[in-house]
Number of protein chains: 2
Amino acid sequence: MAQVEESVARHVASVDRAVAVLDVLAQSQSDLGTNEIARRTQINASSVSRLLATLARRGLVAHVAETGRYRLGLRLLELGNAALSRIDLRDVARPHLHELAELTGETVTLSVPGELEAVTMDFVASDSFVQSVARLGRPSVAHATAIGKVFLAFGGKLPDGPLVAYTERTITHRKKVAEEVDSTARRGWAQAVGEREIGLNALAAPIIDGQSALKGILGVQGPAGRFGRQAMRSAIAPLLSSANAISRIWTG
Amino acid sequence: MAQVEESVARHVASVDRAVAVLDVLAQSQSDLGTNEIARRTQINASSVSRLLATLARRGLVAHVAETGRYRLGLRLLELGNAALSRIDLRDVARPHLHELAELTGETVTLSVPGELEAVTMDFVASDSFVQSVARLGRPSVAHATAIGKVFLAFGGKLPDGPLVAYTERTITHRKKVAEEVDSTARRGWAQAVGEREIGLNALAAPIIDGQSALKGILGVQGPAGRFGRQAMRSAIAPLLSSANAISRIWTG
DNA sequence: CACGGTGTTGCCCATAAGGCAACAAGCGAA
DNA sequence: TTCGCTTGTTGCCTTATGGGCAACACCGTG
């Protein structure tokens with residue numbers, strides 16, 4: 001809880017009431033009249049009327065002339081978009097990265113989709129001495145990594161030319177890559193087993209907004225000796241859970 | 001201008017100040033400190049501090065502990081999404097439909113993309129006695145209408161089976177339809193010249209959100225005798241202008 | 001260490017805001 | 001058409017609130 005909120009700071013009651021009015025309008029599926037808002041907020045109707053007039057003038061609330069009722073105003077959308085544009089995905093995701101690293105015992109990465117590939121922008125390293133090292137700024141190899149397969153599943157493109165075989169397990173046939181990408185899209189997560197590097201296993205899940213646009217990719221990776229079939233299977237649910245929690249920035 | 005705002009209603013100055021603080025944070029590209037907000041709003045720093053404390057407690061503002069500065073809070077995103085979910089596209093678009101109908105002298109329609117086609121949900125009829133009649137709920141024929149071509153350009157699918165030739169000008173070869181759809185995507189608007197009906201010409205432009213997802217389609221249509229090559233060309237810019245103005249609901 | 005700026009909070013006082021009452025308007029039922 | 005009820009607004013009064021001053025703690029820089 002923020003320190004500011006816990007202090008004995010004096011609050012502005014009128015602002016509290018105004019926000020309570022906004023909250024009630026947000027909770028309601030339909031427009032509300034002054035008296036109904038007064039009932040739900042336990043604020044006198046004349047006070048509510050004046051609060052609404054002020055909020056309406058500033059665009060946070062809209063008065064519907066036909067019905068005399070009120071609804072949330074478009075200025076809130078503008079303010080919400082402004083709030084969104086300042087969010088640092090890393091800040092929001094970081095607690096989830098820590099939690100997932102703790103749960104799985106492996107290195108957890110956060111990538112963002114770029115133009116040609118997804119790029120690692122944050123990670124929480126495994127506590128183990130033997131760990132899969134992540135590096136910031138490192139692009140993924142789309143066809144050979146779990147992160148890359150999620151990237152492809154959301155419209156990312158493979159580069160032209162032959163696909164490099166990093167290990168014997170690397171999928172280099174474009175048709176088989178496409179099938180792998182289809183699998184990723186269908187089940188909502190990707191895996192790579194010794195495809196980018198011998199002995200390196202990984203899982204990845206998309207972080208999406210309300211329109212299913214890719215905003216980030218959450219990955220878990222570890223050495224095959226520890227992060228094998230069983231451990232990978234166990235990591236899927238928490239991975240999806242964390243990715244969904246992060247996605248809730250956009251979906252509410 | 002809303003009647004409520006024009007009355008001699010008494011406003012709540014504290015709420016006005018609080019919103020002024022939100023506005024300043026929205027305008028700024030970076031986090032702001034208490035004193036900076038005080039300077040920009042001409043409100044005493046101690047008042048700003050107390051307003052911020054209240055807004056922070058309600059989540060409309062977030063205090064960044066590392067820097068001591070403030071930014072817009074995630075609750076605004078929730079409120080913005082709630083506001084958005086109650087918006088009726090028709091209400092927002094209607095003034096633009098009227099304006100466009102006035103500018104072009106033709107019938108203007110608003111459609112929303114459905115599962116299999118786009119459906120007319122509002123229109124403003126031309127003032128002319130000779131006009132292209134629109135009907136609410138009428139689905140578009142994707143391959144033969146301007147509205148439909150925009151729908152296809154944003155991922156809509158053609159139905160299976162042969163494409164019906166409504167006139168001699170209807171494009172029924174799937175490859176040519178695809179080319180037409182590509183043109184639509186590239187230039188940002190579609191046209192249909194006597195393809196759905198002899199003597200009926202139309203233009204259409206997409207209404208999109210911040211992620212380029214299709215939220216609606218704005219169309220102009222008229223009889224070829226009046227809405228011919230020259231008039232259509234003249235209607236493109238105002239059509240795009242109106243579609244963009246409506247799109248700003250989502251993009252700010 | 002000194003200085004300047006930031007951010008918060010105690011305190012005082014003027015006024016803003018809450019709420020009561022009155023009023024106008026609208027709606028539904030008789 | 002009339003009546004009763006509810007809604008929404010506004011005049012007005014009272015008082016509690018909130019604005020702002022001053023003081024303080026903290027921080028960064030020279």
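To find a chain, count down the sequence lines: A is the first, B the second, and so on, and within it residues start at 1.
Residue contacts for A:R69: at a heavy-atom cut-off of 4.0 Å it reaches no nucleic acid atom on any strand shown. Among the protein residues, A:T34 comes within range of the sugar-phosphate backbone only, with heavy atoms under 4.0 Å from sugar or phosphate atoms but none that close to a base. Across all strands shown, B:S46 has heavy atoms under 4.0 Å from base atoms, whether or not it also approaches the sugar-phosphate.
Phosphate proximity of C:dA16 to A:S14: absent, as no side-chain N or O sits under 4.0 Å from OP1 or OP2. The phosphate of C:dT6 (OP1 or OP2) has a side-chain N or O of B:R39 nearer than 4.0 angstrom. Checking the phosphate oxygens (OP1, OP2) of D:dT9, a side-chain nitrogen or oxygen of A:Y70 falls inside 4.0 Å.
A donor N or O paired with an acceptor N or O is not found under 3.5 Å between the base of D:dG18 and the side-chain atoms of A:R17.
What separates CG of A:L52 from C1' of D:dT7 is a distance of 13 Å, to the nearest Å. Atom pair B:I37:CD1 and C:dT6:P shows a separation of 12 Å (rounding to whole Å applied). Distance A:R10 CZ to D:dT17 P: 10 Å, rounded to the nearest Å. Rounded to whole angstrom, the span from the NE2 atom of B:H63 across to the C1' atom of C:dT8 amounts to 10 Å. One can place CG of A:L51 at 9 Å from P of C:dA17, the figure rounded to the nearest angstrom. To the nearest angstrom, P of C:dT8 lies 15 Å from CZ of B:R57. Taking atom CD on B:E66 and atom P on C:dT6, their separation rounds to 20 Å, with Å as the unit.
Using a 4.0 Å cut-off between charged nitrogen and carboxylate oxygen, A:R226 and A:E106 count as a salt-bridge pair.
With contacts defined as side-chain heavy-atom distances shorter than 4.5 Å, the pair B:E36/B:R39 qualifies.
Of the candidates D:dG20, C:dT9, D:dG18, the closest approach to any side-chain atom of B:N44 belongs to D:dG20. In this structure, the nucleotide among C:dA17, C:dT8, C:dC11 sitting nearest to the side chain of B:A45 is C:dT8.
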Applying salt bridge (charged side-chain N to carboxylate O under 4.0 Å, His left out), run through B:D31 and A:R86 and close with a yes or a no. CA-CA 9 Å; B:D31 298 348; A:R86 287 154 189 71; over 6 Å; no
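Between B:I43 and A:L32, the residue anchored closer to the 5' end of DNA chain D is A:L32, taking for each the nucleotide with the nearest heavy atom. Along DNA chain D, the nucleotide nearest B:Q42 and the nucleotide nearest A:G33 are compared for position; the residue whose nucleotide lies closer to the 5' end is A:G33. Each of B:R50 and B:N35 was assigned the nucleotide of DNA chain C with the nearest heavy atom; the assignment lying further toward the 5' end belongs to B:N35.
For the pair B:S241 (side chain) and B:A237 (backbone), a donor-acceptor distance under 3.5 Å is absent.
Exactly one residue among B:D16, B:V15, B:V19 makes a side chain to side chain contact (heavy atoms under 4.5 Å, CB included) with A:R57. That residue is B:D16.
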